[in-house]
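Quick note on labels: first sequence line is chain A, next is B, and so on, each numbered from 1. Since the structure is predicted, the reported quantities are computational estimates derived from the model, not experimental observations.
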Protein chains: 2
Amino acid sequence: MKQKITIKTIAKELGVSTSTVSKALKDSHEISKETKERIQAYADYYNYKPNSLALQLRNQKTKVIGVILPKIVHHFFSTVIMGVEEGANEKGYHIMVCFSNESYKKEVETLKVLSNGSVDGLIVSIASGTLENKDFKHFGDLVAEEIPLVLIDRVVDEILCDKVVVDDVGAGYKATKHLLENGRKKIALLTTPKHVNVGALRRQGYEKALIEAYIKTDPNLIAEIDEEANISDQIEKVFEQDIDAVFAVNEIYAAKAMRAAKQKGHKIPEDFSIIGFTDGLISRYSSPSITTIAQHGFVMGKQAVELLIERIEKESEIYKPKKIVISSDLKLRESTKPSS
Amino acid sequence: MKQKITIKTIAKELGVSTSTVSKALKDSHEISKETKERIQAYADYYNYKPNSLALQLRNQKTKVIGVILPKIVHHFFSTVIMGVEEGANEKGYHIMVCFSNESYKKEVETLKVLSNGSVDGLIVSIASGTLENKDFKHFGDLVAEEIPLVLIDRVVDEILCDKVVVDDVGAGYKATKHLLENGRKKIALLTTPKHVNVGALRRQGYEKALIEAYIKTDPNLIAEIDEEANISDQIEKVFEQDIDAVFAVNEIYAAKAMRAAKQKGHKIPEDFSIIGFTDGLISRYSSPSITTIAQHGFVMGKQAVELLIERIEKESEIYKPKKIVISSDLKLRESTKPSS
DNA sequence: CTGTTAGCGCGTTCAC
DNA sequence: GTGAACGCGCTAACAG
């Protein structure tokens with residue numbers, strides 16, 4: 001890279017001291033109008049930009065927020081990133097994005113690297129690998145170092161920090177209730193393995209709605225999809241049961257369920273209903289389009305980053321972890337009948 | 001944030017000099033085994049991490065790559081980010097992600113901020129706003145400052161730097177040819193306004209294939225979709241013409257076209273064919289699933305970052321801009337008939 | 001083997 | 001009104 005122009009070079013070139021330059025560039029009243037103009041003109045001409053690294057080192061803050069997500073090719077997380085980025089920008093921050101790829105190991109490494117001073121704070125959604133082995137020590141270390149941290153969506157209580165989550169139980173409840181209102185009785189649930197707690201919470205909502213309708217939950221209708229194995233096969237297996245509706249905890253499962261339902265000859269939504277999760281492109285553009293729970297990833301991202309920046313900038317205050325719950329909406333589309 | 005432990009504190013605590021600590025931590029042979037152990041033990045115990053900011057300032061490199069994309073809630077760009085991130089990680093780099101939101105103004109600002117020393121190089125896909133007003137001065141400045149830059153997907157020749165693109169002309173050609181082989185004669189093209197050059201290139205391929213088949217291109221069958229207006233309306237308008245196939249330059253247009261085609265009562269793929277662009281979730285999960293051009297965003301991202309890092313690390317060499325063309329594949333699905 | 005010095009680029013304090 | 005000195009955290013060159 002080309003030699004960058006610094007305060008020092010300007011000072012030498014103009015025969016003044018570096019501090020004079022520094023002050024002049026900040027339009028300080030300590031400097032005579034004359035020299036200020038000279039210096040500013042020179043800086044302008046040579047396109048001087050203060051070196052942010054030096055500033056960061058001096059100020060002990062980077063104005064950068066680290067973001068660690070399990071994956072990105074996923075509508076929900078994409079929108080979260082958008083929200084975080086927008087919120088960060090508004091406050092003069094930038095974001096550094098990393099992915100754990102659902103791996104515990106990579107999450108630990110990334111967390112370690114980012115906490116070496118390159119970011120002022122972190123926003124993390126926990127990898128499923130970590131949720132599975134339940135080892136949260138790396139987060140504990142972070143908290144001990146008092147590095148501001150906000151957990152989003154996939155959170156665990158053990159970690160003492162701010163959190164932003166969707167109302168997963170409520171969402172599961174709303175979705176299931178809507179299916180019941182469609183007159184469905186045999187509602188299959190396509191969910192994640194238990195350790196992914198959002199799946200577990202949505203399931204709670206599902207069960208709650210069934211109980212209220214005096215329907216016994218049938219374990220055979222609940223499939224905990226193992227993403228390591230063939231997903232379609234697992235879903236098709238569910239369709240071997242006698243079912244009249246599906247509630248899927250993400251949009252891919254919902255889309256696959258729709259395919260399976262069509263193949264079985266079910267008419268949607270006349271005699272079969274489907275609800276998904278994540279208001280992404282698939283739900284919107286499949287046909288019939290899929291009724292879904294909108295998670296509002298953008299809002300979550302934005303709230304998370306606002307919370308984080310507040311924490312960063314008001315470090316004096318006593319630390320009382322906050323938890324923000326974003327309520328989710330049912331977005332009615334063609335895969336279910338309108339509620340009466 | 002809690003007071004961080006530094007080399008200095010260790011030095012003071014252990015009654016040695018900072019340079020001794022520095023060397024000891026690097027396991028230098030200059031230091032006696034005894035002191036090394038003492039120091040390392042202490043550092044370990046207090047979980048010492050070298051401050052990356054200081055290192056960056058000293059080494060004049062950040063090991064960070066800036067990435068500026070027009071948007072993210074888009075399968076192609078998501079996969080690009082994945083590729084960039086993975087490639088960067090492999091070489092010990094991190095990525096700082098920003099979005100121009102297709103806006104010229106934001107692109108200029110972001111470019112300026114990131115080029116103040118916070119990144120070692122940049123990967124950019126140009127905002128459509130910039131392509132429209134054709135003002136590339138901000139990129140010129142970057143090149144003049146000799147900040148390594150790689151342009152991907154949306155590139156322009158005026159900017160002298162490395163580039164990674166897909167073979168858009170070839171892709172348009174392949175897609176159109178496949179439709180012709182399906183026996184289609186009246187192929188509509190749903191593309192972007194002309195200033196988005198990838199759209200223009202794909203159109204060239206489309207026209208080339210038609211010419212080879214001795215079919216005159218009919219301007220009425222070509223719709224340059226204006227994203228500011230209602231997209232569906234514009235697409236439905238195309239269907240007022242007598243057409244038997246659609247080639248769409250992205251998957252959203254393809255999905256919308258599919259809806260419109262179904263409404264018109266066309267049977268897909270028996271008497272109507274559709275091809276999209278971007279092998280994303282919509283194409284995969286809609287029904288019928290959509291034959292599409294796979295752009296290989298992951299590969300592009302990875303190639304781009306490898307090119308960039310090479311440029312960063314071998315700055316001595318003479319600068320000869322490279323252009324890598326990634327060939328695209330036609331991914332056959334249900335919305336077209338198999339080629340005979 | 002260990003310590004001193006200097007410098008990365010900047011801003012601030014305190015003399016002059 | 002201007003400049004010298006210092007420090008942010010670290011390391012390389014040089015001294016001892």
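In this structure, A/Ser19 OG and A/Ile31 CD1 are separated by 7.0 Å, a value rounded to the nearest 0.5 Å. Note: B/Leu14 CG to B/Ile39 CD1 = 6.0 Å, rounded to the nearest 0.5 Å.
As a whole-Å value, the separation of B/Leu53 CG from C/dC10 P is 14 Å. The separation between A/Lys26 atom NZ and C/dG9 atom P is 19 Å, rounded to whole Å. Note: CD1 (A/Ile31) to C1' (C/dG11) measures 12 Å, nearest angstrom. Atom pair A/Leu25:CG and D/dT2:C1' shows a separation of 15 Å (rounding to whole Å applied). C/dC8 atom P lies 16 Å from atom CG of A/Leu55, rounded to whole Å. The CD1 atom of B/Ile7 sits 13 Å away from the C1' atom of D/dC8 (whole-angstrom rounding). Computed from coordinates, the B/Asn59 CG to D/dA12 P distance equals 8 Å when rounded to whole Å. Rounded to whole Å, atom P of D/dA15 lies 14 Å from atom CD of B/Glu30.
Here the nucleotide nearest the side chain of A/Asn51, chosen from C/dC10, D/dT11, C/dC8, is C/dC10. Distance from the side chain of A/Thr6 is smallest to C/dG9 among C/dG3, D/dC10, C/dG9. In this structure, of D/dC8, D/dA13, D/dT2, it is D/dC8 that holds the atom nearest to the side chain of A/Gln60.
In terms of polar N and O atoms assigned as donor or acceptor, the side chain of A/Lys33 never comes within less than 3.5 Å of the base of D/dG1 in a complementary pairing. One N or O donor and one acceptor, one from the side chain of B/Lys23 and one from the base of C/dG3, sit under 3.5 Å apart. The base of D/dC10 sits with one of its N or O atoms less than 3.5 Å from a complementary donor or acceptor on the side chain of B/Arg58. A/Ser19 contributes a side-chain N or O that forms a donor-acceptor pair with the base of D/dA4 under 3.5 Å.
At the heavy-atom level, A/Thr35 lies under 4.0 Å from the strands shown only through sugar-phosphate atoms. Counting non-hydrogen atoms under 4.0 angstrom, B/Ser32 reaches the backbone sugars and phosphates but no base.
The phosphate of D/dG9 has neither OP1 nor OP2 within less than 4.0 Å of any side-chain N or O from B/Tyr48. Contact check, A/Lys61 against D/dC8: no side-chain N or O comes under 4.0 Å of OP1 or OP2. One finds no side-chain N or O of B/Thr20 lying less than 4.0 angstrom from the OP1 or OP2 phosphate oxygen of C/dT2.
A donor-acceptor pair under 3.5 Å is absent between the side-chain atoms of B/Gln56 and the main chain of B/Lys63, judged by distance alone. Here the side chain of A/Lys61 pairs no donor or acceptor atom with the backbone of A/Leu57 at under 3.5 angstrom. A distance-only check finds no donor-acceptor pair linking the side chain of A/Ser100 to the backbone of A/Lys106 [under 3.5 Å].
Taking five base pairs at each end of the helix from C/dC1-D/dG16 to C/dC16-D/dG1 and finding the rotation axis that steps the C1' atoms of four pairs onto the next four gives two axes whose angle is 60°, to the nearest 10°.
If A/Lys36 and B/Leu57 are placed on DNA chain D by their nearest nucleotide, the residue sitting closer to the 5' end is A/Lys36.
With sequence neighbours excluded, the residues forming a side-chain contact (heavy atoms from CB on, under 4.5 Å) with A/Phe298 are A/Met82, A/Glu86, A/Lys302, listed by chain and number.
Within a 6.0 Å radius of NZ in B/Lys49, more than 12 heavy atoms belonging to other residues, nucleotides or ligands are found. Enclosure of atom NZ in A/Lys4 by more than 12 non-hydrogen atoms of other residues, nucleotides or ligands within 6.0 angstrom is indicated.
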